[in-house]
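I have placed the structure first, in the form of structure tokens, so that the comments after it can refer back to it.
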Number of protein chains: 2
Amino acid sequence: MHPPADPDPHRRVNPQVREGFSLCELVPVPLRLIDGQADGASMGKVVDGGGEGAAEVTGIESSGRLPWRKATLARRDIPDAVVSRLPGYLQVLTDLAAAGERTIPSAELAVRSGVGPATLRKDLAHLGSTGTRGVGYQVDPLIATLRDCLGLNRPWRVVIIGAGHLGRALAAYPGFTERGFSLAGIVDVDAAAIGTRVGGVTIRHTDDLAELIADPPSTMAVIAVPALAAQRAADQAIALGVTGILNFAPVVLNVPASVEVRNVDLSTELQILAFHAGQPPADEHQEVS
Amino acid sequence: MHPPADPDPHRRVNPQVREGFSLCELVPVPLRLIDGQADGASMGKVVDGGGEGAAEVTGIESSGRLPWRKATLARRDIPDAVVSRLPGYLQVLTDLAAAGERTIPSAELAVRSGVGPATLRKDLAHLGSTGTRGVGYQVDPLIATLRDCLGLNRPWRVVIIGAGHLGRALAAYPGFTERGFSLAGIVDVDAAAIGTRVGGVTIRHTDDLAELIADPPSTMAVIAVPALAAQRAADQAIALGVTGILNFAPVVLNVPASVEVRNVDLSTELQILAFHAGQPPADEHQEVS
DNA sequence: TAGATTGTTAATCGATTAACAATC
DNA sequence: TAGATTGTTAATCGATTAACAATC
């Protein structure tokens, strides 16, 4: 009935530890910390962190005893597969809101999002139940919940590294700012490009990256440089505090586990299409099993 | 140890039948066909196709009794998750070949590809075992096998629909032709753009799409138009015989099951990064479970 | 109430991983 | 042979799906 599961090539990184810990809604769940014993082989002992800081979604370890915020989401608990579908739901819901819809049943939202209704309801249940039995989901509150979950209510500043055709196209992409990402700047090493205006900013030299990222701070970088320059670009960005990288270069970036990388590779996608195009065509009237 | 599984948002389509059938190496497996009864509700009856045509990877239903080609691969049998990793392996291997490497053990190829060694070996086993115990994999033969499997030994012509910033950047992207895809042309409806040269071709009007796709035939299209125009572009391309679509517009395309769609959405990726950036930072010394 | 639709369970399905016998 | 590394098995893990009780 549905496209089979397919692990996300966009999240591929060199094997690294990526262990999370869980937060629960409204319940002060302590951070799980490893105590200090440097015992490499055995498992770290889980220590009760004392109930502090877990509700603060920015992940900054709190120094004082914060009042328990109404944590809207158990964000750590959401599987990656679910997270990757949330932007799609948000997109569809935004369109629905613009069209004046107030509520929508899961069946319809699912069709418009390209997923099954069971998957949709289970996904949304991860955000805390927002639906009403017999009615469906309220569009506006669900949008708010999704935006909150994805962290889109804070400003995100993004730098683009590489001002070739692709970098400039990305800088000029309106969807960038439409969805709350603001372009901090774009850099390149090519003297011919520097000084050109694109997407509301002026292309600067890569040497200015530190300055650009620092104030106000950017935490996301888009890498749009040739493959050979990509690792260096990533290293620079990470050294300057970037924790999220969208990589368009066809290389596996080596990054610390604290940095999230998503890869987008045009030719990978074309090759996957080639594979399928080379297959015997799926018969439209094929048996449904 | 590894990034968790993550279903591939790039393959999301409206729920449609996507049933395959299997080919086995060297064994003439008949196509499974549904007989003609137009019985909508009940399941189609599976009919033995008589053993013809299954080995022809182009998927054109053969009219005569073809000799059984030595089918190098059971391409239908390869899980999507595996297929999505093959281009990455090919990329790494190509780099290794350029560096003069003759053989490579799975452990090293795995690290360079950002996957685990067990996954790598299991993936390659799907292509027929090409490794040598105690030695590793031979680079050049493995490249040949991968290219064969992905269907990269045939010419693939691609049309780009939409000549905005992104469409033009894609047209100019060298990786396009470097990996065996040739740009058939690029079209737009904007009179100001038509006539401009980009990536070795001249931007033509969308009305010329039929002509462009027909001769020589293109089977792949890249959609780089605004969201509102994407479905229409897809419909046009599909009507003209395109069976693979790389969609950059943030919409779920409605296509027949015989058409493969892969979605690339910049803002989706940024939103996923935002989610992770909003999380408590993964502790580098976190417990390994 | 009756109809509709959610939230959740349990079953299925598929992908990943560790481990090791096979074998170069 | 001894060492190295594959191919494959079996176990684990996670994601999807169908179905239905809960409930608006």
Side-chain angles (χ1 to χ4, degrees), chain A residues 1-9 11-13 15-20 22 25 77-86 103-111 113-139 141-142 145 288-289, chain B residues 1-9 11-13 15 17-20 22 77-86 103-111 113-139 141-142 145 288-289:
Chain A
M1 206 82 171
H2 255 304
D6 201 5
D8 191 345
R11 246 192 111 243
R12 192 172 307 153
V13 295
Q16 302 250 6
V17 179
R18 277 194 182 278
E19 189 60 36
S22 53
E25 303 93 312
D77 282 339
I78 303 178
D80 283 346
V82 177
V83 172
S84 72
R85 286 187 292 260
L86 300 183
T103 66
I104 185 165
S106 65
E108 192 181 342
L109 182 52
V111 169
S113 304
V115 304
T119 299
L120 178 91
R121 288 200 299 274
K122 204 163 202 298
D123 285 355
L124 294 185
H126 281 283
L127 312 182
S129 302
T130 47
T132 306
R133 289 165 143 102
V135 177
Y137 297 87
Q138 286 187 276
V139 173
L142 187 50
T145 300
V288 181
S289 61
Chain B
M1 208 81 171
H2 254 306
D6 201 6
D8 191 345
R11 247 193 108 242
R12 190 172 309 151
V13 294
V17 179
R18 278 195 181 277
E19 190 58 36
S22 51
D77 283 338
I78 303 178
D80 283 346
V82 177
V83 172
S84 72
R85 286 186 292 261
L86 300 182
T103 66
I104 185 164
S106 65
E108 192 180 341
L109 182 52
V111 169
S113 305
V115 304
T119 298
L120 178 90
R121 290 201 298 274
K122 204 162 203 296
D123 285 357
L124 295 185
H126 280 283
L127 312 181
S129 302
T130 47
T132 307
R133 287 165 144 103
V135 177
Y137 297 88
Q138 285 188 277
V139 173
L142 186 50
T145 300
V288 182
S289 62

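The sequence lines fix the lettering, A, B, ..., with proteins before strands; numbering per chain opens at 1. Only this structure's heavy atoms are used, side chains among them; waters, hydrogens and symmetry mates stay out.
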Would you name the heavy atoms of [X] and [Y] that are closest together and state the gap between them?
X: B/His126; Y: B/Val82; value: CD2-CG2, 3.9 Å
X: B/Ser84; Y: B/Ala81; value: OG-O, 2.9 Å
X: A/Thr130; Y: A/Leu142; value: OG1-CD1, 3.6 Å
X: A/Arg85; Y: A/Val115; value: CD-CG1, 3.7 Å
X: A/Pro117; Y: A/Ala107; value: CB-CA, 4.3 Å
X: B/Thr103; Y: B/Gln138; value: CG2-CG, 4.1 Å

Euclidean distance, [Y] [atom2] relative to [X] [atom1], rounded to 0.5 Å:
X: A/Ser106; Y: A/Asp123; atom1: OG; atom2: CG; value: 11.5 Å
X: A/Thr145; Y: A/Leu86; atom1: OG1; atom2: CG; value: 11.0 Å
X: B/Leu127; Y: B/Asp77; atom1: CG; atom2: CG; value: 11.5 Å

Would you mind reading off the distance between [X] atom [atom1] and [N] atom [atom2], rounded to a whole angstrom?
X: B/Leu127; N: D/dG7; atom1: CG; atom2: C1'; value: 13 Å
X: B/Leu109; N: D/dT6; atom1: CG; atom2: C1'; value: 13 Å
X: B/Arg85; N: C/dA15; atom1: CZ; atom2: P; value: 8 Å
X: A/Gln138; N: D/dC24; atom1: CD; atom2: C1'; value: 12 Å
X: A/Asp123; N: C/dT6; atom1: CG; atom2: P; value: 13 Å
X: B/His126; N: D/dT9; atom1: NE2; atom2: C1'; value: 13 Å
X: B/Leu120; N: D/dG7; atom1: CG; atom2: C1'; value: 12 Å
X: A/Asp77; N: D/dG14; atom1: CG; atom2: C1'; value: 14 Å

> So what does A/Thr130 hit on the nucleic acid, given a heavy-atom distance under 4.0 Å: a base, only sugar-phosphate, or nothing?
Replying inline: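 Answer is sugar-phosphate: A/Thr130 comes under 4.0 Å of backbone atoms only.
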
Any [X] side-chain nitrogen or oxygen under 4.0 Å from OP1 or OP2 of [N]:
X: A/Tyr137; N: C/dG7; result: yes
X: A/Thr119; N: D/dT17; result: yes
X: A/Ser106; N: C/dT5; result: no

Please list, for nucleotides 2-4 of chain D, all pairs of protein and nucleotide N/O atoms separated by less than 3.5 Å.
none

> Considering heavy-atom distances to DNA chain C, does A/Lys122 or A/Gly136 have its closest nucleotide positioned more toward the 5' end?
Replying inline: A/Gly136

> the helix from C/dG3-D/dC24 to C/dC24-D/dG3: angle between its terminal axes, five pairs each, to 10°?
Replying inline: 10°

>> Side chain of B/Pro105, heavy atoms from C-beta onward: which of D/dT5, C/dT8, D/dT8 has the nearest atom to it?
In response: D/dT5

> Taking the side chain of A/Arg121 as heavy atoms from C-beta outward, which of D/dT17, C/dT6, D/dA15 is closest to it?
Replying inline: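 Of D/dT17, C/dT6, D/dA15, C/dT6 is nearest to the side chain of A/Arg121.
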
> For A/Glu108, what residues pass the side-chain hydrogen bond (donor to acceptor under 3.5 Å, both in side chains) criterion, not counting sequence neighbours?
Replying inline: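 With sequence neighbours excluded, A/Glu108 shows a side-chain hydrogen bond (donor to acceptor under 3.5 Å, both in side chains) to A/Arg112, given in chain and number order.
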
